[in-house]
Every structure is written in structure tokens, then in C-alpha cells.
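To start, the structure under review is shown below, and the notes come after it.
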Amino acid sequence: MDYNFTEIEPRWQNYWREHGVYHIDNRSDRPHYYVLDMFPYPSGAGLHVGHPLGYIASDIYARYKRLRGFNVLHPMGYDAYGLPAEQYAIQTGQHPAVTTEQNIARYREQLDKIGFSFDWDREVRTCDPRYYKWTQWTFIQLFNSYYCNQAQQARPISELVEVFAKQGTDGFDLACTEEMHFSAEEWNQWDEARRQQVLMNYRLAYLADIPVNWCAELGTVLANDEVVGGLSVRGGYPVERKLMRQWSLRISAYAQRLVDGLEQVDWTDSLKEIQRNWIGRSEGAAVWFPLYEPSNANVLPGVQAYMPQFDPQPVPSFEIFTTRPDTIFGVTFMVLCPEHELIDSITTPEQRQQVQDYVNWAKNRSERERQAEVKKVSGVFTGAYAVNPLTEERIPIWVSDYVLAGYGTGAIMAVPAHDSRDFAFARHFGLPIRQVVSLEKDVTSDPATWTESMDAKTGYSVNSGFVTGMKVKEAMAAVIDKIEQMGIGHRTVNFRLRDAIFSRQRYWGEPFPIYYKGNTPYPIPEECLPLELPDVKEFKPTATGEPPLGHAECWAWDEQNRRVVEKRLIDNKTVFPLELSTMPGFAGSSGYYLRYMDPHNDSAYFSPEAVGYWQNVDLYVGGAEHGTGHLIYARFWNKFLFDLGMAVKEEPFQRLINQGMIQGRSNFVYRSKADNNLFISKGLIKSMDDVTPIHVDINIVDNDVLDIDRFRQWRPEFADARFEFEDGKYVCGWEVEKMSKSMYNVQNPDDLVARYGADTLRLYEMFLGPVEQAKPWDTNGIEGVHRFLKKFWKLFERVCSGECVVDSSREQALPTTHYPLPTKEELKVLHQTIKKITDDIERFSFNTSVSTFMICTNQLTDLKCGSREVLEPLVVLIAPFAPHIAEELWHQLGHDTTVFDAAWPQYDPQMLVEDTVKYPVQFNGKMRFTIDLPAACTQQEALEAVKEAPEAAKWLTGEPKKVIFVPKKIINIVC
RNA sequence: GCUCUGGUGGUGGAAUGGUAGACACGAGGGACUUAAAAUCCCUUGCCCGCAAGGGCGUGUGGGUUCAAGUCCCACCCGGAGUACCA
């Protein structure tokens with residue numbers, strides 16, 4: 001019987017579904033293991049060949065863990081909210097829910113064909129009210145929480161209300177939008193609206209006027225990770241900075257914990273590094289620089305008198321952040337960002353016009369222009385001066401857009417000798433440059449001769465008052481100590497990570513469970529969740545520029561009756577307007593892994609029992625492109641839920657594997673420039689200038705050889721094509737590009753499953769190369785893998801057909817000659833295979849596993865192996881990779897149960913013993929060889945072992961002359 | 001610029017510091033067949049040689065080691081992330 005995958009695969013897929021083979025309970029005596037894939041956004045294009053790569057890898061691991069005796073949670077769902085469905089809706093009027101539903105159905109069909117072991121009973125969809133109920137719920141918890149920097153933990157905001165009434169802000173270090181100081185008396189005097197306004201400053205989900213990334217084309221704001229190079233990631237539209245009132249998540253409060261947590265997880269170094277860079281922790285000092293005021297006699301001398309951190313400050317001053325406090329003696333000017341609040345008050349009348357012009361110019365520049373012109377130096381002098389608190393020198397204050405409002409305090413001390421940007425600025429405007437760090441002690445040169453600044457944090461301080469002669473690191477500490485002692489600054493840490501903007505002016509997303517009394521937002525009661533997404537007539541913004549939810553007629557909150565009512569009933573006494581923005585894409589994906597643990601729970605996000613059993617995700621597989629988005633947000637979300645006492649592990653994803661992106665492999669034909677109907681085979685082209693490369697559909701190319709007939713039919717203009725052949729064929733060129741329709745290089749898995757079967761597709765995707773490596777999709781080798789499966793199938797033919805008796809337990813009862821008992825060689829092949837496959841899977845090296853199966857199959861075929869003892873374990877070994885063929889063979893070997901209830905075979909180390917003598921070489925007339933030792937032992941024991949080893953006997957005569965010994969292995973024996 | 005990756009045949013890629021190029025594709029040759037498909041066998045890093053055999057080979061140059069694709073230093077080239085982040 002032939003290997004008939006078209007019959008086998010659907011049959012077993014049905015069996016698995018009907019028998020609920022992959023249904024997983026939250027209760028088990030077995031140890032637990034959680035394997036998670038990043039769930040897909042169900043786009044209209046369906047799955048392409050890159051999607052399943054990670055899913056297949058995780059499925060292999062999940063199935064393997066199951067065979068190793070684990071209770072394996074392996075769920076799948078859909079990240080169903082998103083922009084494409086909404087844009088499609090705007091164009092066609094088709095409701096996004098409908099398109100989403102259709103796309104999900106198609107995804108499911110495609111996924112099922114590949115034979116995954118997902119527990120579909122646990123499916124979640126982010127657009128399902130039963131799911132987003134808990135997204136909204138978490139938002140309310142964030143709204144009702146603040147972050148205590150001292151405890152490094154989120155806490156209920158109600159606690160803060162009590163404390164403010166008793167002692168004001170005194171003695172508290174809270175994560176906030178802006179520093180506030182007030183007393184209990186003040187708090188108690190304020191009215192409700194004012195208090196709410198103050199609390200908003202501390203909530204973890206807060207509403208604030210903030211500069212946002214506004215994308216006019218998309219009609220919405222975007223988070224920082226959704227903008228690259230001043231353009232939106234989706235669509236590539238220009239993005240501008242705009243001040244808008246928006247919901248944000250105070251993710252910056254968790255910056256330190258997000259950095260620290262990376263130490264505890266088993267991720268690739270590169271991904272950890274991406275996150276560290278994104279969070280951007282830098283240590284340094286905050287220093288107050290007093291303004292120089294000639295009218296104020298107190299200013300000089302004696303800067304100690306200012307003590308500017310006390311309020312009211314005796315002298316106006318402003319705060320800067322620096323990572324190089326040691327260079328404070330080299331400050332020759334100060335720079336404020338154009339948005340700095342101090343600019344207006346310090347600019348002198350003579351400079352006013354210039355400064356105003358500059359500030360206006362800078363503000364009107366788009367983010368994209370600004371980034372494109374980074375190299376251009378611009379700025380203007382304010383006419384004002386500051387005082388260097390350590391040298392008491394007067395230093396000019398400039399305004400320039402190379403200082404960013406969003407980082408640090410938006411003001412810097414410029415040290416042109418030791419900062420490249422300050423250096424460029426100083427050179428451009430002819431400002432002085434003073435060297436304060438030198439590679440060698442007491443050696444200086446004239447900065448006027450420098451072509452670049454000396455930025456490295458190495459060497460010694462020079463020209464630097466009391467730190468002169470110290471090493472840079474010592475000088476840093478000494479300067480900070482000094483300014484702390486003077487009370488004009490302190491050691492501090494700055495993060496690049498900004499709060500996540502959480503509002504989107506879109507329809508297809510989770511509605512905020514928020515209504516407004518006047519300007520004050522209130523959450524709707526938790527018992528009333530979910531707040532369901534209302535229907536709208538149109539998906540565009542309204543005529544007045546409101547988000548699409550502005551079209552909803554039934555979108556107001558009746559506070560007394562606790563329900564959504566029609567908007568016309570708004571009276572601002574009992575019925576209030578609801579929030580019109582929706583949540584961003586990352587809202588729904590931030591906690592879905594927890595919901596899988598207990599997906600049908602109506603009364604809680606997930607039960608303590610469920611999370612207590614599963615803990616966190618043991619293995620997460622997905623693309624590295626989520627490094628600065630989803631993977632940061634999800635970690636934040638989890639840490640917050642951890643603070644609430646809900647999540648039991650602080651880090652959600654213990655081990656993370658990034659599957660590499662699958663690129664497209666495009667094919668080209670080359671049209672002669674001289675003759676528009678002539679196509680020249682690749683090898684015959686003399687010069688690329690003579691031909692035009694044209695993308696050709698990869699489906700009419702086989703191993704880079706063009707199918708001439710199909711090419712002529714492909715497009716009318718090629719109907720009369722003529723060719724210059726090489727060796728009777730037309731050979732196409734190829735290139736690695738993005739997979740895209742316009743390049744005719746998209747491969748969808750269905751075609752391949754139909755042609756070769758799911759098992760072949762699974763094996764081939766793994767065989768392509770390391771899971772973690774980016775690689776072009778290339779079907780050229782798929783035949784080889786398919787051929788292997790046929791050989792594998794054939795290996796079982798004799799056993800399955802009954803030609804060999806398959807039950808060795810009856811050995812005693814029947815003549816031995818009927819039973820092909822395993823030979824030593826066969827067993828050796830088997831045990832080597834078990835060891836290799838087990839190691840490979842643990843290392844996530846699935847490409848080598850496939851090779852191992854091929855080698856094993858070839859060897860056993862050569863040995864004419866018909867022994868059940870050898871072949872049966874092989875079925876179990878291959879089951880994670882090719883589950884359908886494994887089930888079928890398992891069944892034909894006479895088992896009633898599924899192969900996934902079998903146990904993973906163990907190898908016998910005795911079977912793997914090799915000749916231990918290796919690498920014998922002649923060396924200066926002496927013999928040298930190496931011996932492998934089985935375990936750690938002393939040199940003496942090792943020598944005894946060597947003398948007894950039969951393999952060594954022929955080399956070793958008498959005592960060895962010299963032995964180089966390394967534990968576990970004798971490196972060298974000279975005799 | 002900074003950070004992270006990677007550089008091995010015609011191609012995808014193997015190699016706990018231990019015989020580099022496993023396995024597969026492609027290519028060439030052969031068997032079976034009336035023929036084709038399918039299947040099977042042989043050859044296939046480069047150079048010299050009829051052969052036996054020899055020489056050279058993991059981006060470049062050094063180093064450590066009995067032994068380096070692998071470890072260390074410097075450089076060159078690709079890919080990714082990030083970027084006036086003070």
C-alpha cells in the first residue's frame with residue numbers, strides 16, 4: 001500500500017476532533033507545561049507560509065512535551081481587532097465584525113489542515129465581548145491604581161485618597177505625570193473636580209494633554225512603537241506631533257522592573273537587548289542651574305545660598321539631566337528645547353523676536369522633517385545666562401531643537417568637548433570648547449584643532465577643579481556627591497521609555513468603560529461589564545471630527561439605571577456621554593495568555609486555581625518584530641496583575657523563541673531591450689543593461705526553470721513570447737524580497753498541503769533551516785522531504801502487512817525464525833536516533849532532527865529492518881513532526897489508542913558506546929591519541945580505565961610517557 | 001553613530017575546541033522500462049595527477065592550543081533594532 005496522505009490526513013484530523021484528543025484539563029497528576037504561539041491577526045489574505053513556521057515549531061514542542069508525560073496547554077485564538085478590517089469597512093460599508101468572522105473561518109480551515117494540536121475549546125477572540133470584558137476590567141483596575149515608587153508596586157487609588165486627606169503628598173514618592181506638592185489642608189479644601197484632576201496625575205491609566213503621534217491619513221493617534229522614521233508602520237503615512245487629550249498607561253512607572261525582569265527570563269540576548277534599548281535606562285545626575293540675574297545681588301558669589309529645590313526658590317533656576325556629571329567643569333553653554341516653559345520669561349527683549357521666530361519654526365516642523373534634517377544645526381541665543389554652580393561662571397542659554405522636550409527635563413548643560421552634538425553646535429555658532437577629560441593624566445590639547453569631540457567615558461579629568469586628576473568614573477561620583485551636598489542636584493536615573501498612548505480614534509476596538517461628568521471621567525461599575533461596542537452607520541470620523549463612535553446613537557451612560565442608553569437622553573445629571581475613543585491593538589493582546597488558562601470564566605479574568613496550576617507561559621514562540629510593542633505591553637500588563645495579586649509569576653513568558661521571518665523568493669524573466677517579445681535565459685545574458693528583469697509568478701517556475709506554456713498563458717502580453725534557451729530550458733533569475741502579492745512570490749500553505757500533504761509541509765518548514773533564522777521561502781527542496789516520508793512509510797510495509805509477525809511478546813510461543821529480532825546494528829541506529837532527536841528537540845533544532853530521521857530511515861532500509869522493537873519507537877519519535885503518518889502507522893501496528901498517549905522512548909547509553917580511541921596521530925615519532933571517558937573521574941582512575949580499554953591496547957604498550965588530562969576526557973596520551 | 005546578529009560548496013544548511021561540508025536540493029553518470037513517470041545505485045569544495053596519492057580550503061590578518069569554522073584581539077562585508085535620548 002502506498003503512502004496516501006490525502007486519505008490519511010483528513011481521517012486523523014477528524015479522529016482527533018471527534019475524540020477530543022487535544023482537550024486539556026486544568027487538573028492533572030502530570031506536570032504542567034504551557035506552550036503558546038503569538039495569536040494571528042486574521043487578515044483577508046489568509047495564512048501565508050510564514051505564519052505556520054512558528055506554529056509548527058511550537059506544535060512539535062508541545063506534542064513532544066506531551067509524549068514526555070506533561071499536561072500541555074497549547075491554545076490558539078485571534079487578535080481580531082485591527083485596522084485593515086476597519087479600513088475595508090470604510091470602503092465597502094461591510095461591518096468589520098462580518099469580515100473578521102469570515103477571515104477567522106478561513107484561518108481556522110487552513111490551520112486545521114496542517115494538523116495542529118490546539119485545544120480549540122479554549123479559543124479566545126479579542127473582539128468577543130466575553131473576552132474584552134476583561135480587557136475593560138483591567139483598564140478599570142489600572143484607572144483605579146497608582147504606583148508607589150518606594151514599594152515598587154501598584155496600589156489602589158483609594159489608599160491615596162485617604163493618605164492625601166491625612167498628610168498630603170508629604171513623604172511620598174509616586175509615579176506621576178508632573179511633580180505635585182500639596183498639604184492635607186489643601187487637599188481637603190478642594191472640590192471633587194479638582195481632586196479628580198489631582199488623582200489623574202497618579203492613576204496608572206490616565207487622561208492627559210500630551211504630545212501624541214497624530215496620523216491624519218489614518219485619523220488616529222499612534223503609540224511610539226507604531227511609528228518608525230516619522231511614518232506610520234501601517235500604511236506608511238506621515239505622522240505629526242500634536243498636543244491632544246488622550247488616555248495613556250503609566251508604563252514608565254514599571255521601567256525599572258521591566259529592565260530587571262529581563263534577568264529572570266530565558267530569551268535570546270538580542271531580544272533582551274532590543275527591550276533594554278527601548279526602555280533606555282541611563283544613570284546620571286539631575287542638576288539645578290540658577291539663572292544669572294545682574295539685578296540680583298545674591299547670585300554671586302556663593303551658589304550654596306540658592307538651595308533651589310526648596311519652594312519658594314530664592315533664585316529662579318532650571319533643572320537639567322546629564323549622564324556626564326564629571327564634565328560639569330567643561331560646560332560652555334546651556335540649551336533648552338523649543339517647548340521649554342522658561343523660554344518666554346528669560347528671553348531678553350533684544351533677542352525676543354529671533355527666539356519667537358525660531359520656536360515657531362521648530363514647532364511647525366513635522367517630525368519627519370526634523371528627523372530628516374538631524375545633521376543640520378539650528379538654534380538661537382536667548383540673551384539670558386545661567387550660572388555654573390561649581391565654577392560660578394556665567395554661561396549663555398540657547399534654544400535648539402536638538403534638545404528634545406520628551407526626554408529628561410528638556411534642558412541640557414552643553415559640554416562641546418565631550419559630546420558630539422554639543423560639539424557640532426559649538427562649532428556652528430562659534431561657542432567656546434573646553435577640554436575637561438583626557439585619555440592621559442595631565443595631558444591636554446587645544447580643542448580648536450579637534451575635528452570631533454571626545455565622548456568616551458574613559459581617561460582622567462583635567463581643568464576640573466577639585467576632581468582634576470581623577471579617573472572619569474571617580475570624578476562622576478565625586479561631582480554627584482558634591483552637588484548633593486550643596487543641595488543643588490542628585491543622582492538619578494532616566495528612562496527613554498514613555499507612557500503608552502492608549503486612545504485610538506477608531507471604531508474597531510474595545511470601547512473604554514468610561515463616561516464623563518463634565519470633564520471628569522468615571523469608570524462604569526465593574527458589574528456592568530462588558531460595555532459592548534455599539535453599532536454605527538458609518539465607520540469614518542464624524543463631520544465634527546469626533547471618532548467613529550460619535551456616530552453611535554445609543555452611546556450614553558445612565559448612571560442610575562446602570563445601562564447604556566440613547567445619546568439624546570444626555571442631561572449631564574443622570575445620563576452622561578461615554579468615551580468615544582477605543583483601545584489600541586495591543587490592549588487585547590496584552591493578557592490573552594492568562595485568559596487561555598480559564599477561557600470560559602464569567603466571573604473572573606481567570607481563576608486563582610487556573611493560574612495557580614499553569615503559572616505562566618513556559619515557552620512562547622513568535623516574531624521578534626513584537627520586541628518593542630506587544631512584548632513590552634504584555635510584560636507590563638502581567639506585572640500589574642501580579643501587583644494586584646492575580647498573576648502568580650512576575651514575568652509572563654519564561655522562555656521565548658523568535659521564529660525568523662520568512663522572506664519571499666522572487667523569480668525573474670529577462671526581456672531583451674532590443675526586442676520586446678524576446679526573453680533571454682539567465683545564463684545567456686551578457687550584460688544586465690541589455691535586458692529588463694520582470695517579476696514572474698513563482699507558481700509557473702519549477703526549480704528556477706520557467707514553464708513556457710503557462711508563461712504564455714499567464715498574461716496576454718506574453719502570448720507571443722519567444723525565448724533564448726540554455727540547455728533547452730529557460731532559467732529564471734531569483735532574488736530574496738519581502739513576500740508580497742505585487743512580486744508574485746506569495747506561497748500559501750494550502751497548495752502545498754494539497755500537493756504533498758500536511759506532514760511534508762511540516763517537515764519541510766522545519767528542514768528549511770533553524771527556526772530562529774530569517775530565510776527565504778524556497779520550495780525547491782520539498783520533494784526530498786516528501787520522498788523521505790514515502791521511504792519512511794515503506795520501511796513499515798513488511799511489519800504492517802503481516803509479512804513479519806509484529807508482536808514480540810508472543811516470541812516464546814512461536815518459532816523464533818518468524819520473528820525478525822532486532823540486530824545489534826539496528827538497535828544502535830535506533831538508540832542513536834532517540835538520543836539525537838531528544839537533544840535536538842530540547843535545543844529547538846528541528847532542522848537537524850529531520851536530517852536525523854532521514855539518516856535513520858536510510859540506514860534501517862539498508863539493514864532491511866523488519867523488527868517491531870526498532871520500528872515502533874520510531875513512530876513515537878516522529879509523531880511530533882509528522883503526526884498524521886505517525887498515527888496511521890501506530891494504528892497499523894495494532895494500537896487502538898492515539899500515538900500521543902504513548903511514552904517517549906528512552907535510549908540505552910550502553911548501545912551508544914563507541915570506540916573510545918580517537919585521533920591517533922604520529923607526532924615527533926611518538927604516538928598520540930585521545931580517549932573519551934564516560935564520567936568525571938580522577939586522573940588516576942582515568943589512567944586505569946585507559947589501560948583496561950581494549951581499544952587502547954593496540955596503541956598503548958607499557959606506561960604512557962605523557963598524559964594530558966582533562967576531566968571527562970583524556971586529551972592526550974603520548975607513548 | 002551605538003547595540004545585537006551573521007559570514008562555511010552551485011543552493012538551503014550540518015559540525016559539546018577533536019576526521020569541515022552531515023542531511024537535502026541542484027547537476028552529471030548509470031540501472032530498471034518499448035518509453036515516460038516512479039524507484040534505486042554511483043560521482044559531485046577547489047587545484048595537481050591516468051591512478052595511488054598530494055596540496056589548498058569555513059570573510060581578512062594576527063593570537064591562544066597537541067588540536068580553532070568554533071575561543072581571544074583587530075579589521076572588512078551583509079542583516080536587524082535604535083537614533084540629536086544629553
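All values below were derived from every heavy atom in this structure, side-chain atoms included, with hydrogens, water molecules and symmetry-related copies excluded. Below, chain A is the first sequence line, B the second, and so on; all start at residue 1.
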Pairs flagged by side chain to side chain donor-acceptor pair (under 3.5 Å) wherever residues 785-796 of chain A is involved - sequence neighbours left out
A:Thr760-A:His786
Have a look at A:Ile855 and say if it touches a base, only the backbone sugar-phosphate, or nothing, with a 4.0 Å heavy-atom cut-off.
sugar-phosphate
Rounding to the closest angstrom, what is the interatomic distance between B:rC71 and B:rG7 at atom P?
10 Å
Base, sugar-phosphate, or nothing: which does A:Pro776 touch, judged by heavy atoms less than 4.0 Å apart?
nothing
Between B:rG13 and B:rA74, how far apart are the P atoms? Round to whole Å, please.
29 Å
What's A:Asn494 touching, base or sugar-phosphate or nothing? Going by heavy atoms closer than 4.0 Å.
nothing
Could you check whether A:Val403 gets within reach of a base, just the sugar-phosphate, or nothing at all, counting any heavy atom under 4.0 Å?
base
Do the side-chain N or O atoms of A:Ser282 get closer than 4.0 angstrom to the phosphate oxygens (OP1, OP2) of B:rA86?
yes
Distance, C1' atom - from B:rG45 to B:rU11, rounded to whole angstrom
13 Å
Atom pair distance, as rounded to whole Å: CZ in A:Arg665 and C1' in B:rG26
11 Å
NA contact type, A:Lys791, heavy-atom cut-off 4.0 Å: base, sugar-phosphate, or nothing?
sugar-phosphate
Are OP1 or OP2 of B:rU39 and a side-chain N or O of A:Lys790 less than 4.0 angstrom apart?
yes
Say whether A:Tyr756 and A:Glu783, considering side chains only, have a donor N or O and an acceptor N or O under 3.5 Å apart.
yes
Think A:Arg496 has a side-chain N or O under 4.0 angstrom from the OP1 or OP2 of B:rA83?
yes
Would A:Arg635 and A:Gln275 count as a side chain to side chain contact (heavy atoms under 4.5 Å, CB included) here? Give the steps.
CA-CA 11 Å; A:Arg635 291 181 61 220; A:Gln275 292 219 335; 2.6 Å; yes
Which residue lies more 5' along RNA chain B, comparing A:Asp862 with A:Leu768 via nearest heavy atoms
A:Leu768
What's A:Asp422 touching, base or sugar-phosphate or nothing? Going by heavy atoms closer than 4.0 Å.
nothing
Any ion pair linking A:Arg843 and A:Asp840 (charged N to carboxylate O, less than 4.0 Å)?
yes
Using 30° and 60° as the class boundaries, would you call the ring planes of A:Phe321 and A:Tyr407 parallel, tilted or perpendicular?
perpendicular
For a quick check of understanding: with a heavy-atom distance under 4.0 Å over all strands, which category does A:Ser851 fall into, base, sugar-phosphate or nothing?
base
Within the structure, does a side-chain N or O atom of A:Asn847 lie under 4.0 Å from either OP1 or OP2 of B:rA14?
yes
Quick check on B:rC25: is either OP1 or OP2 less than 4.0 Å from any side-chain nitrogen or oxygen of A:Arg787?
yes
OP1 or OP2 of B:rG13 less than 4.0 angstrom from a side-chain nitrogen or oxygen of A:Gln773, does that happen here?
yes
Verify whether one side chain among A:Ser845 and A:Thr848 offers a donor that lies under 3.5 Å from an acceptor in the other.
yes
What residues from residues 777-785 of chain A pass a heavy-atom cutoff of under 4.0 Å to RNA chain B?
A:Asn780, A:Gly781, A:Gly784
On RNA chain B, nearest-nucleotide positions of A:Lys794 versus A:Ala774: which is more 5'?
A:Ala774
When all nucleic acid strands are considered with a 4.0 Å heavy-atom cut-off, which category describes A:Arg281: base, sugar-phosphate, or nothing?
nothing
